[in-house]
Amino acid sequence: MEIPKAYDPKLAEEQHYSRWEASGYFAPEINKDADAPVYSIVIPPPNVTGSLHMGHALQHTIMDVLTRYHRMRGYRTLWLPGEDHAGISTQIQVEKKLRKEEGLTRHDLGREKFLERVWEWKERYGGEIINQMRREGASVDWSRKRFTMDEGLSRAVREFFVRMYEKGWIYRGEGLINWCPKDRTALSDLEVDKVEKKDGKLYYLQYPVKDSDRRVTVATTRPETMLGDTAVAVSPKDERYRDLVGATLLLPVVNREVPVVADDFVDPEFGTGAVKVTPAHDPNDYAMGRRHDLPQIKVIDSQARMTAEAGAEFEGLGRYEARDLVVAKFEEAGLLEKVVDYEFSISKCARCGDVIEPLLSVQWFLKQAALGQQPLELMRERHEPRFIPENPYEKVYTNWLEGLYDWTLSRQLWWGHRIPAWYDEAGRVFVARTEADARRAAGTDNLTQDPDVLDTWFSSALWPISTLGWPDETPDLKTFYPTSVLVTARDIIFLWVARMMMTGVEFTGERAFDDVFITGTIFDKHGQRMSKSKSNGVDPLEVFDKYGVDATRIVLAATGTTDTRWNDTQVESYRNFANKIWNAARFCLMNSEGAYVGEGFEGDPKSWALHDRWIMSRLQRASYDVGRALESYDFHAAVQTLYHFFWDDFCDWYIELSKADVTVTEATLARNDARSRVLTILEQALRLLHPFMPFITEDLWQRLPGIGSHFLHSAYKDAEPTIMLTSYPQARMGLIDERAEADVQSLIELVSRVRNIRSEMNIKPGEPVRIMIAAPDADARAVFESGAQQIARLVRASDILIGETINAPRASARAVLAGGAEVAVPLEGLIDFAKEHERLNNERGKLEKEAAKLEAQLANSNFVERAPAEKVEELRQRLADLAQRTRQLTQTVEALSE
RNA sequence: AGCCGGUUAACUCAGUCCGGUCAGAGUGCCUGUCUUACAAACAGGAAGUCGAAGGUUCGAAUCCUUCACCGGCUACCA
């Protein structure tokens, strides 16, 4: 069989995905077992405007590992892909293009035509991320791919809205909302970032008291808002201002009379203890204004310009120009007390970065506190969902649910789900599933639909149920809901995870997912968050190109929940691992004539050699450990186990121990059996690795002799042969063989000690040596005797002498082994006595140091009295072993010195 | 301000829940090898007072307290 010497990931990556997809292996329908348990995941829908980054690659890898693992376990498995319409980003992107290419604004086109353009854009450029998932090897069911603006999902959005409205949980009203002047839309609190402003200033402004010489000084970071002040507040406990409560101030510049009110919100310790109150432009002031029934004067408009109410001089000025002018006027009037440097945080639009303007406006809101009640109870009473890691996310999630406030739903955009509310000429509102329903309710056809659309997260909140068909009671919804796990990043726990839980419980009575797996964050090598603006992002596609998809996947999977600094060298080492797998398979396949995978090996354990029993035992342990790790989302442990099983146990020892038998040229039964055993272990290892490294494992598996549909899991019997539908190896505990493991361990120790001698004594790698082994224990001797040929091969020995005792020449290098055995390498003319002396003494030094530690512990009467007896006994045993080895070494050293 | 995470070999990270063969892995480094699966490899080796200080305990990387530095989240800062 012709197999290239080095693994080329591209070849494997190009070959298998399209066949998997075309054969329908990704769809749950491939599973023909009516009683199969169900496993389902919905993807966190990426934005249509986005491009693949490491965070996606990480999440996708985790989801694919889980999906492939459960599919191989025989679950009816669904991983549902899809995308999000990303209201603001998409609209901005299309507007930009329109302006650049045609010099048009969306208003030039009009709403309908503009939306046509957005759809065109979406069809053409959208879906970059989702398409790249094929490259990743993601086993998503493409036939169930969904988009938040699909008809079905749009219907779900309307249904959600109407039901909430009917319950009184959605309402329309005036409120102080976060407004992005650049995007010209309202935003929810979660779409606002708090950013530290280092070069901020705090302005101290004096407001004269009416009919008095007194002035009250207020401090503010936003002097321009004073144009909209309607009061000054002080603490009711503040002696300094007690006599002023109820007094009237003369607001400078605008010459408006405003009262001094007492409010507990004010902290007398901070600033001057007096606070200007601008109810129309500040959340705290808004609340205070309501408490004191203050007028709300809007001085800033939706484009962050000053309104007519700000006064003729200010009307039309930008907010920062207005600020300068206000400050100048105060200075002129001698009312600017001082300006000090002041660090504080300002709100910025998470999308475009513009400074948020709190504005008073009429919007649609959802009473999240009501909707969040059930999820909160679910967590408190049933501990659902389960977060991985539990700390700190369970607490973060719970705290969030405990402090819910109204969610601003409406967005002043065109791209998105139009709010299903219509107004008649009298301004009465009709919320309905369809316009026809609204007309019926209104009794007129003369209705106008609300121009606004809903927050994109409103549709995302429905994702687990809407993608499965809700509000219809579809078979998919019945089968796949609740979903098994949600895999996502920590920054959207509130924005998305909690809200999905809310809608899921509200509409189905059940949690949206059993588990929530929160991945770690991948930083650049300096520990900085990867971002477009810093352009320090690592492009997953470039990493794929450089090291292969499988290597990248296994590194990402091992990352799991841990924050990690990205480093190509890790991927490089797993690229090497892939190459190791390739070459191990290459060796097996080059020696596969007359061999086949499977039954022969399983059939008669009595015919197995020691190393066969050993590798089978190791395989069971690995299967057990990997399975357990995957069940507990410990991907790091799973990867470590696989890596060491494959490289250390299988490649370094098993293949080497089998080599003599396997490479025999005559087609003997023994040779073919040995070959079959090696191939069978390889096949099992490939299955274990498959969820992590789907391409190389499939590629190699397809080359194995004798594979076929009979290898598939019973649920997939009708499918064509593919490793992805075989069953995931389950540990057969009966094949764990402690004795074999101990025996092979003693062979490994022997080989290692002799290799060490060879290296320390500078014996040329090609130079054969003779070795003499003394093994007083009969069983140990038997192990060495039966393994003599293998030992000879592994240490390049021309001759091996094994006895109860040996009479080695003085000119020998020696090593003491476990269980009282000893090995000597006669080195007439080669040995450097001084060096050997030093080597042995070093060895003895190590043993003595260890023994001293144990002795000290055992000499401590407190320890002996208080520690568990078995622990004491264990230490005594260890000390005895050490003492014996030390004695033996001492004799060896003495013999050398004679 | 509150809550939380991190700090272990030169680098990237395990181990900490449940204290005692736990001081680990990979990379890098040093020394040899193109030994017919693999130089993307093989063989051998050096390397860490587990952030600091106290405490609990017979025994602490692991439990408790305080502190330092880095990072995150939430709230508020007029």
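Just so it is clear, the values below take in all heavy atoms, side chains as well, and ignore hydrogens, waters and symmetry mates. Throughout, protein chains are lettered first and strands after them, A, B, ... in sequence-line order, and every chain is numbered starting at 1.
Taking a 6.0 Å sphere around NZ of A:Lys659, one finds it holds more than 12 heavy atoms contributed by other residues, nucleotides or ligands. Around CZ of A:Arg290, the count of heavy atoms belonging to other residues, nucleotides or ligands within 6.0 Å does not exceed 12.
Among the heavy atoms of the strands lying under 4.0 Å from A:Leu202 are primed sugar atoms or P, OP1, OP2 only; no base atom is included. The residue A:Asp267 sits close to a base: some heavy atom pair falls under 4.0 Å. Within the nucleic acid shown, A:Thr272 has no heavy atom closer than 4.0 Å to any nucleic acid atom. Among the protein residues, A:Arg878 comes within range of the nucleic acid bases, having at least one heavy atom under 4.0 Å from a base atom. Counting non-hydrogen atoms under 4.0 angstrom, A:Thr559 reaches nothing in the nucleic acid. Counting non-hydrogen atoms under 4.0 angstrom, A:Cys651 reaches a base of the nucleic acid. Residue contacts shown for A:Phe494 are limited to sugar-phosphate atoms, with no base heavy atom under 4.0 Å away. Counting any heavy atom pair closer than 4.0 Å across all strands shown, A:Lys276 reaches no nucleic acid atom. At the heavy-atom level, A:Lys853 lies nowhere under 4.0 Å from the strands shown. Note on A:Thr521: nothing from the nucleic acid sits closer than 4.0 angstrom, heavy atoms only. Residue-level contact check: A:Glu656 touches the bases, meaning some heavy atom is under 4.0 Å from a base atom. A:Gln857 comes within contact range of at least one nucleobase, with a heavy-atom separation under 4.0 Å.
Comment: A:Arg677 does not engage A:Asp661 in a salt bridge, judged by the lack of any side-chain N to carboxylate O separation of less than 4.0 angstrom. Under the 4.0 Å criterion applied to side-chain N and carboxylate O atoms, A:Glu850 and A:Lys853 are not assigned as salt-bridge partners. Using a cut-off of 4.0 Å between Lys/Arg side-chain N and Asp/Glu carboxylate O, A:Arg490 and A:Asp563 are scored as salt-bridged. Comment: A:Arg885 does not engage A:Glu843 in a salt bridge, judged by the lack of any side-chain N to carboxylate O separation of less than 4.0 angstrom.
Annotation: of the two residues near RNA chain B, A:Arg755 and A:Asn583, the 5′-most nearest-nucleotide partner is A:Asn583. Comparing A:Trp582 and A:Gln640 by the nucleotide of RNA chain B that holds the closest heavy atom to each, the one mapping nearer the 5' end is A:Gln640.
Rounded to the nearest Å, the gap between the P atom of B:A23 and that of B:A47 is 16 Å. Straight-line distance between the P atoms of B:C29 and B:U36: roughly 25 Å, to the nearest whole Å. Here the separation of B:U31 from B:G72, taken at their P atoms, is 42 Å to the nearest Å.
With a 3.5 Å limit on both pairing distances and Watson-Crick or G-U wobble geometry required, the stems of 3 or more pairs in RNA chain B span B:1-7 with B:68-74, B:10-13 with B:24-27, B:29-33 with B:41-45, B:51-55 with B:63-67.
Protein atom CG of A:Asp524 is 13 Å distant from nucleotide atom P of B:G71, rounded to whole Å.
Checked against a 6.0 Å centroid threshold, the rings of A:Tyr574 and A:Phe692 do not count as neighbours.
Annotation: the span from A:Gln745 atom CD to A:Leu750 atom CG amounts to 11.5 Å, rounded to 0.5 Å. Atom-to-atom distance recorded for A:Thr663:OG1 and A:Met590:CE is 11.0 Å, nearest 0.5 angstrom.
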Protein-nucleotides 39-41 of chain B N/O pairs closer than 3.5 Å?
| from | atom 1 | to | atom 2 | distance (Å) |
| --- | --- | --- | --- | --- |
| B:A40 | O4' | A:Asn576 | OD1 | 3.1 |
| B:A40 | O2' | A:Asn579 | ND2 | 3.1 |
| B:A40 | N3 | A:Arg575 | NE | 3.1 |
| B:A41 | OP1 | A:Asn576 | ND2 | 3.1 |
| B:A41 | O3' | A:Lys580 | NZ | 3.2 |

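Contact check, A:Lys395 against B:C4: a side-chain N or O comes under 4.0 Å of OP1 or OP2. Listed pair A:Lys871 / B:U21 fails the phosphate criterion, with no side-chain N or O lying under 4.0 Å from OP1 or OP2. One finds no side-chain N or O of A:Ser759 lying less than 4.0 angstrom from the OP1 or OP2 phosphate oxygen of B:G45. Of the side-chain N and O atoms in A:Asn862, none sit less than 4.0 angstrom from OP1 or OP2 of B:U57.
One N or O on the side chain of A:Arg675 and one on the backbone of A:Asn591 form a donor-acceptor pair closer than 3.5 Å.
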